[in-house]
Amino acid sequence: MDDREVETEGGAFPADAFAGSVLPDGDTCWEALGAHDARFDGLFFVGVKSTGVYCRAVCPAKRPKRENCTFYRTAAEAEAAGYRPCLKCRPELAPGAPIAPDTDRAVQRAAELIREHAGSCRIADVAAQLGLSERQLRRLFERTYGVAPTAYRTTCRLLLAKSLLTDTDLPVTRVAFACGFSSVRRFNDAFSQRYRMAPSHFRRKAAGAARADAGPVVLHVGYRPPYRFDLLLDFLRLRAIEGVEAVEGGAYLRTVRLDRGGPGTASVSDAAAAPTASDVSIGSEGFSPAAASAGFAAGTSPLVGWIKVVDEPARNRLALTVSPELFDELPLVVARVRRLFDTDCLPDAVEAGLADFHARVPVANRVSGIRLPCCFDGFEMAVRAILGQQITVKAAGTLAGRVAREFGAPAATPHPALDTAFPPPSAFCADDAADRLGALGVIGQRARAICALAQAVCAGEVTLRPGADLEAEARALAAIPGIGDWTVQYLLMRAYGHPDGFPASDLGVKSAFPDLKPRELTALSKAWSPWRSYAVMSLWSVPHEPAPPAKASPIHTDHPKIPL
């Protein structure tokens, strides 16, 4: 039996059968439920009529009778049908479902905005940002997710709140505001209507009084195995920006700067960490992506804190520690960590899609559980990529650290390796920005490229975020002097989370196919679509020493083994 198939009572069927946007038939889902296989986790949920709860595919409870089961693609769809989340398997910890290739781009972006800004977004502003009417967005959203955008937003809020209530001892009032409820009364009403129980019922740590939110909290983010967290850490460690990122003791650490404001958010008090500052005001102003990128969304100062991510492989999840300065933007922090660590990936679909690639490369290049690390901040990653051209990986991290300290701001953290918050794009829009970069050792062309990119982001011409129009953004990036095809493809992979990016001129890629020219290699790679980014990551994750290129060739240092 193929290792991508799961044995069930009815026989074997491929585990990537759930990769599309349409849920398989109920009998197939019921068989998958009986397998209790973590590879199905988050790909569907089962509502049990006899209990009124909905469960994950890995729920440890005994499988219910077939006639009592109704299957749903999303937790929001199960909740809209009247089911409440299971207290045993905790649906809020399930990994997200990967975006199916046939999903409408506008719907994909809308869902992402709602997840990131579940506490503050207004559906009208989300629709306006996408150039749609509310009615159009609702129709498209219901066709894809089976629920209205407002119902989806409510589920996002409630599941985050349930996670905080279960795993932390934050006061209920603080949880309510952190998850976007304008009052405790509305918070209690939402729980009563959806879950038919009070928020306090979900408290796991009933003993002892709830603390004031003076310290960090730990949340959990699920993933589907196999999962090579060790390779992700190696990749991020090699490219860490000094003072901003670090890998220590098997954990990823970084400072976080968030420019407050989201779709429909007017303001947040500057004293974000204090309990009295948690009342988020939902105002009438729309969200300006350019203003948020520039760091002056709604005229507020940014939130600056830190996060820590470690793996818990026995439970197929990541433990995410978040500092209290970031509590008012928890949905955004969690969403970005999911992207950075590619927790929504469906490994079996990637494995099946790369069959031709695996047949052409050594066994060492077939990395089961490989992931595509997106990024926490697209602009930060883009600046690091530009600075890394024609210098070693280590030197690029040091140079990026100098840039961060010159243009960014100090960050107070309990981790000695973290002391700087990376600057927003607006910091590089000043007239003297290129000269200041030059004084740090950045050559003129790259300094001008960084400044031009910053201006494009502030003007809204480039977003550097998943869900964007990839073709339009790729053209806009390529039009910036100093950003070539390799950098564009690399940004598509990491800033946009595009699974099908392919830098054919990369030395690590070319060394695996030494007899092929980039144009021939690009043609060959079409058979690996739409998973070529994962093929590239497989090549980058295997140590080898490629021959030094000729002087006229660009040196792309995001491959770990590129020499001086």
Side-chain angles (χ1 to χ4, degrees), residues 21 42-43 45 72-80 85 90-100 103-127 129-130 132 137-138 140-142 144-164 178-181 190 194 219-223 256 258 260-265 280 282 287 289 292 307 317-318 320 322 326-345 374-378 463 465-468 496-497:
S21 59
L43 299 180
F45 297 88
Y72 302 97
R73 167 62 76 183
T74 65
E77 198 174 0
E79 291 192 5
R90 301 184 59 191
E92 72 272 15
L93 300 182
I99 300 297
T103 301
D104 184 274
R105 183 183 290 122
V107 175
Q108 176 185 345
R109 183 67 184 134
E112 183 171 359
L113 285 171
I114 293 171
R115 286 193 300 268
E116 288 184 350
H117 304 283
S120 58
C121 71
R122 295 187 310 174
I123 303 305
D125 292 320
V126 172
Q129 186 174 334
L130 298 172
L132 302 172
L137 178 60
R138 180 188 177 95
L140 293 172
F141 208 93
E142 288 180 340
T144 302
Y145 290 100
V147 296
T150 51
Y152 187 85
R153 179 185 60 191
T154 299
T155 296
C156 291
R157 288 176 174 177
L158 289 175
L159 290 182
L160 176 60
K162 182 178 178 296
S163 181
L164 289 171
C179 296
F181 293 92
R194 280 290 187 98
L219 300 170
H220 296 96
V221 178
Y223 58 76
V256 173
L258 296 177
R260 283 174 285 183
T265 299
V280 181
I282 309 300
F287 174 55
I307 63 171
R317 69 187 191 184
L318 303 177
L320 165 64
V322 184
L326 305 175
F327 285 176
D328 283 314
E329 290 289 354
L330 279 176
L332 180 57
V333 172
V334 173
R336 291 191 178 186
V337 168
R338 284 184 178 275
R339 288 205 300 263
L340 175 60
F341 288 91
D342 198 13
T343 59
D344 294 348
C345 173
C374 190
C375 64
F376 195 90
D377 182 277
T463 66
R465 290 187 297 187
Y496 299 91

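Computed from heavy atoms alone, side chains included, the values below leave out hydrogens, waters and symmetry copies.
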Taking only residues two or more places apart in sequence or in another chain, which ones pass side chain to side chain contact (heavy atoms under 4.5 Å, CB included) with [X]?
{"X": "Ser163", "result": "Arg90, Glu92, Leu93, Asp167, Leu219"}
{"X": "Thr343", "result": "Val221, Tyr223, Tyr227, Leu318, Arg338, Phe341"}
{"X": "Ala468", "result": "Thr463, Glu473, Tyr496"}
{"X": "Cys156", "result": "Arg115, Ala118, Tyr152"}

Over all heavy atoms of both residues, which pair between [X] and [Y] is shortest? Give the atoms and the distance, please.
{"X": "Ala76", "Y": "Thr155", "answer": "CA-OG1, 3.4 Å"}
{"X": "Phe45", "Y": "Thr74", "answer": "CD1-C, 3.6 Å"}
{"X": "Val126", "Y": "Cys121", "answer": "CG2-CB, 4.3 Å"}
{"X": "Pro95", "Y": "Gly222", "answer": "CB-O, 3.2 Å"}
{"X": "Phe376", "Y": "Leu340", "answer": "N-CD1, 4.1 Å"}
{"X": "Ala106", "Y": "Leu132", "answer": "CB-CD1, 4.0 Å"}

Look up atom [atom1] in [X] and atom [atom2] in [Y], then write down how far apart they are to the nearest 0.5 Å.
{"X": "Arg336", "Y": "Arg465", "atom1": "CZ", "atom2": "CZ", "answer": "8.0 Å"}
{"X": "Phe181", "Y": "Thr154", "atom1": "CZ", "atom2": "OG1", "answer": "7.0 Å"}
{"X": "Arg73", "Y": "Tyr145", "atom1": "CZ", "atom2": "OH", "answer": "10.0 Å"}
{"X": "Leu130", "Y": "Gln108", "atom1": "CG", "atom2": "CD", "answer": "11.0 Å"}

Going by side chain to side chain donor-acceptor pair (under 3.5 Å), name the residues that satisfy it together with [X], two or more places apart in sequence or in a different chain.
{"X": "Arg109", "result": "none"}
{"X": "Arg339", "result": "Glu112, Glu116"}
{"X": "Glu142", "result": "Arg138"}

Audit row: Val333, Leu258, side chain to side chain contact (heavy atoms under 4.5 Å, CB included) steps and yes/no:
CA-CA 9 Å; Val333 172; Leu258 296 177; 3.8 Å; yes
Among Val322, Leu320, Val256, exactly one meets side-chain contact (heavy atoms from CB on, under 4.5 Å) together with Val337. Which residue is that?
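Among Val322, Leu320, Val256, the one meeting side-chain contact (heavy atoms from CB on, under 4.5 Å) with Val337 is Leu320.
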Do [X] and [Y] have side chains that approach each other closer than 4.5 Å (heavy atoms only, starting at C-beta)?
{"X": "Phe141", "Y": "Thr150", "answer": "no"}
{"X": "Leu326", "Y": "Leu332", "answer": "no"}
{"X": "Leu159", "Y": "Glu79", "answer": "yes"}

